[in-house]
Structure formats: C-alpha cells, structure tokens
There are 2 protein chains.
Amino acid sequence: MTLDSSRSRRAAAAVAVRPGEAGASSREVLLQTALDFFSKRGFTGTSIRDIANALGVSVSNIYHYFGSKEGLWLEIMEYSVKTLPDRLEGALTGIEAPLERFEALVRAHLTVSTSYQRELRMIFLQQDRLTDGGDRVNQDVQRAVLGIYIRELEALRAAGIIRTPHLKILAFNVLGVINWQLRWYRGDGPLPVDTVHREIVDFILHGLHGPDSN
Amino acid sequence: MTLDSSRSRRAAAAVAVRPGEAGASSREVLLQTALDFFSKRGFTGTSIRDIANALGVSVSNIYHYFGSKEGLWLEIMEYSVKTLPDRLEGALTGIEAPLERFEALVRAHLTVSTSYQRELRMIFLQQDRLTDGGDRVNQDVQRAVLGIYIRELEALRAAGIIRTPHLKILAFNVLGVINWQLRWYRGDGPLPVDTVHREIVDFILHGLHGPDSN
DNA sequence: GTCTAAATCGAACGATCGCTCTAGAAGCCC
DNA sequence: GGGCTTCTAGAGCGATCGTTCGATTTAGAC
C-alpha cells in the first residue's frame, strides 16, 4: 500500500522486468529491505551485505537488479521522494483562498510524510556521500518543495494574512515542524496519526496561542 | 571561543594533559577537525584516516589521545551537547512568569544552537552506530531537553495560556522549528542570526498569525 | 524434450576500515 | 649529560567494504 503500482526502471544491469510477477517480487523485497536499513542507518551505515544477509540471498543478486549500491538508493528515491512536489501541487488544484490552499498544502504534506516516512528519513539522514548525480536528486526535490511553500506564503502575504518579509525563514520553520515529525513519531505508539496531524496544523497556523486567539 | 576552557578526560590510553600547552593544542586541532567531518558526514561516513590525513598526522596520534573512534566522538559530546540541559535551565533562573520563562527558554536554546551548531548536527545525523554507552549519551540529552520543554509547557497550560492536552506533540513541534534551523541556516549567508532567531521565536509563539493577532 | 534468458550463487578482487604494535623524536626533570 | 614520559610515525593486522566474475539453477518458449 505504500508502494506505487507503476514502477520506473533505471538500473544499469537489469532489463525489462514485468511488474506483478515472481521476478518483480524479488525486486520488491530487496527494495523494502534496503529501505529499512537506509532509513535506520543511513547510506554509509548500511552495507550491501547487511541487506543481502537479512534476506538470506547473495550480494550478487542485488547487483543483478540495481547495478550498484547507489543505484539501489536512487531506485527508492525514484518511486517515492521524487513524487513529493507533484503530490503537493496536486493537493492545491481547485482551491482559491490562500489560507485554505496553505492548510491543504500542509495537510497533504503530512499525509505524504506518513506514507513515505522511511523514504523521507533516508534523505534527511543522507549526507553528501553519493555521486554528483545522486546528490542532485535530493537537492532538487527539497528545493522544489521549498519553492512551493514560498509561493504560497507570498500569496498569504499579498492577502494581508502574514506580514513578515522573511518568507524563506517562515517556510523553513513550517518545514521544520513537518519534517521533525519524521524523527519522533512512531506509528505503533499511543498517538493516533490524525491527532498528531491536527496538532501540527494548529501549531503551524496559530503557534502556541490556540486557534481561538484570533 | 566555542570551546569550553575546562576539558574533561575520558580516553583509554591518554593520561593527564595540562590544558593550554603544546600537547593540548594538538588535541584541540584534532577535535576541531573531527567535528568538521562528523558534522558533515556523520559517524559512519567519517574514517579515522579522513581526520588524520586532513591534518597530515598519523592515525596512531588520534588513538594516543582518544583511544578509539567512538572515544573521539564522545569527547566532542562531552564539552558541548552534554551541557545543553544545564544551559537551558540556567536561562530560566529568576524568571517567574510562565510565558516569559518559555520565551527565555527558546531564546537560550537558539543561542546555544548557534554556538554548537556543528556539534548538534552530529547528534542529529548519528544513527545508532555507537555502542550502548555511546548511544545513551545522545538519548539522555534529548530526553532531558524534552523534559524541560514539557515542564514549561505544563506551566503555560496551568496559566491558561495554552489549551491542548498534547504537550508532547507541542514540545516536539517547538523543537522541530529550533532544530531544523541547524539544517538550513548558514552563518555566512545573507541572513543575520538575530533576524533568524527573532523570526523563529515569533513563529513559535504565534504561528502564521503574527504577534498582533492576540 | 531443447534452447535461451533471467535469476541466483559462491568465491574472490582490491581497497579501505578500525585498530595495534614497535620504535624513534621531542620535551621535561635532575 | 642521563632518565623519564609524552608525542608521533609507519608498518601491518584481521575484518569488512563495494564490486566483479564464472558458473549453476530456474523458468518460459517452442
């Protein structure tokens, strides 16, 4: 359920694998296991043998499907994090009022964050150990998301709802609240996801002073 | 200036080094270089040889002073991150009004974050690759800071200033804004540190709606 | 059945990892 | 000077790293 049904292909050695077959199943299992390790220990903290041994398969298997360790990383990025900007934009279509748009943006962001919690943890753990092309992916996505927030904040300022001239700082503050949730929130804890999302939206919109203060 | 004058000692092989001498200088340079690497590439992403080669010294030198890679990491934690809870508590002494206390807490936290930016980045990059004792340090500090925030938020609730029953979520939201700044703020950029701190305090206290909305 | 390609394995490569050991250089006390 | 401790270097240890390779197994097409 957390996986996209249409899967793109980019590996070096692997060729045409039809989705929904036994071959794809091996692929998926490898991706999921790699995701578990990458999101918990980061890129350098995870070895190819960690992933292979966890599944009881050989390391050559991974190279057969993904070509390299970085290829495996990028494959995970491909179906998850890279889709983030489009998903955020999609949540805005049809909404006109700036404040409504902004709230929809935050809510959509939280929803995607919940779906791709491990994938997003990966990019926030990773620290310039990939080749240039690999780093680019993360930077582009983060820049795109920031751009969306700044654009919406500009609309809020034009509407007279916010006054600060430092929209970039404001955008980072909002992103901080949303992304920090990736660090502390555990789905298996006592807090329901709806409660957490509602509290975060309230905090972003009203800060410490609750929604009844305006 | 970002270093404590009194330095604690815990290495395995090293013994009594008087501060302020030539011996201490080698030590300091090693610590600073290690700090640069750890804060940029994390624990697993940094090798002992990275640090030694950057300084043109031998790896044995590092082991002479710190005993192990983890010892080097913990030594950095010792003079910086571990002092965080005490510094936050110190900023609260003499202040009575809950809201004033909270604002002072946030401001002190931002000040310390600026002083120990690289050190704090280390602990947010690191991901359970240390031995049990090493992990404990980070966890204890983070728990202590969270405890301080929750205690102050309880005072705010008792004073009727906030209403939400989910103080833990609220505390994480505040910490998210503060800690996220470690990820994006560069001191050499165009934004003055005072401006950033003021915007963050305003955001935490009032959210998107500015300070004149209550 | 045969043929072919995808899937999987185990061994091994060179490089790098954290770390140890031995030994010489430098600094201080007398 | 000698005698001691501290500091530093370099070689090398076993382990693990990402990766490659040849060979074997599996599975579908005919």
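Proteins get letters first, then strands, A, B, ... in listed order; numbering begins at 1 in each. Source: prediction; values computed, not measured.
With contacts defined as side-chain heavy-atom distances shorter than 4.5 Å, the pair Glu199(B)/Leu191(B) does not qualify. Between Asp50(A) and Arg41(A) there is a side-chain heavy-atom pair separated by less than 4.5 Å.
When heavy atoms are screened at a 4.0 angstrom cut-off, Val59(B) is found touching base atoms of the nucleic acid. Backbone-only contact: Thr46(B) has heavy atoms under 4.0 Å from sugar-phosphate atoms and none from a base.
The nearest whole Å value for the distance from the OH atom in Tyr63(A) to the P atom in dA11(C) is 18 Å. Summarising the geometry, the separation between NZ on Lys69(B) and C1' on dT16(C) is reported as 12 Å, rounded to the nearest angstrom. Atom pair Ile48(A):CD1 and dT20(D):P shows a separation of 11 Å (rounding to whole Å applied). Rounded to a whole Å, the CG atom of Leu72(A) is 10 Å from the P atom of dT19(D). Between the CG atom of Asn53(B) and the C1' atom of dT16(C) there is a distance of 12 Å, rounded to whole Å. A straight line from CD1 of Ile51(B) to C1' of dC17(C) spans 13 Å, rounded to a whole angstrom. As a whole-Å value, the separation of Leu30(B) CG from dC7(D) P is 11 Å. Between the P atom of dG18(C) and the CD atom of Glu70(B) lies a distance of 12 Å, rounded to the nearest Å.
Looking only at atom types and distance, the side chain of Gln117(A) has no donor-acceptor partner in the side chain of Tyr185(A) under 3.5 Å away.
Considering only side-chain N and O atoms, Asn61(B) lies under 4.0 angstrom from the phosphate OP1 or OP2 of dT8(D). For the OP1/OP2 pair of dG18(C) and a distance below 4.0 Å, the side-chain nitrogens and oxygens of Ser68(B) include no atom meeting the criterion. An OP1 or OP2 oxygen of dC21(C) is reached within less than 4.0 angstrom by no side-chain nitrogen or oxygen of Ser60(B).
For CD of Glu89(B), the number of neighbouring non-hydrogen atoms (other residues, nucleotides, ligands) closer than 6.0 Å is greater than 12.
You'll find that the side chain of Tyr65(B) is closest to dC7(D), out of dC7(D), dA7(C), dG18(D). Side chain of His64(A), nearest nucleotide from dT8(C), dG18(D), dG18(C): dT8(C).
With the nearest nucleotide of DNA chain C identified for both Arg49(B) and Arg49(A), Arg49(A) has the one nearer the 5' end.
Without hydrogens or angle criteria, Glu70(A) side chain to Thr131(A) main chain gives a donor-acceptor distance under 3.5 Å.
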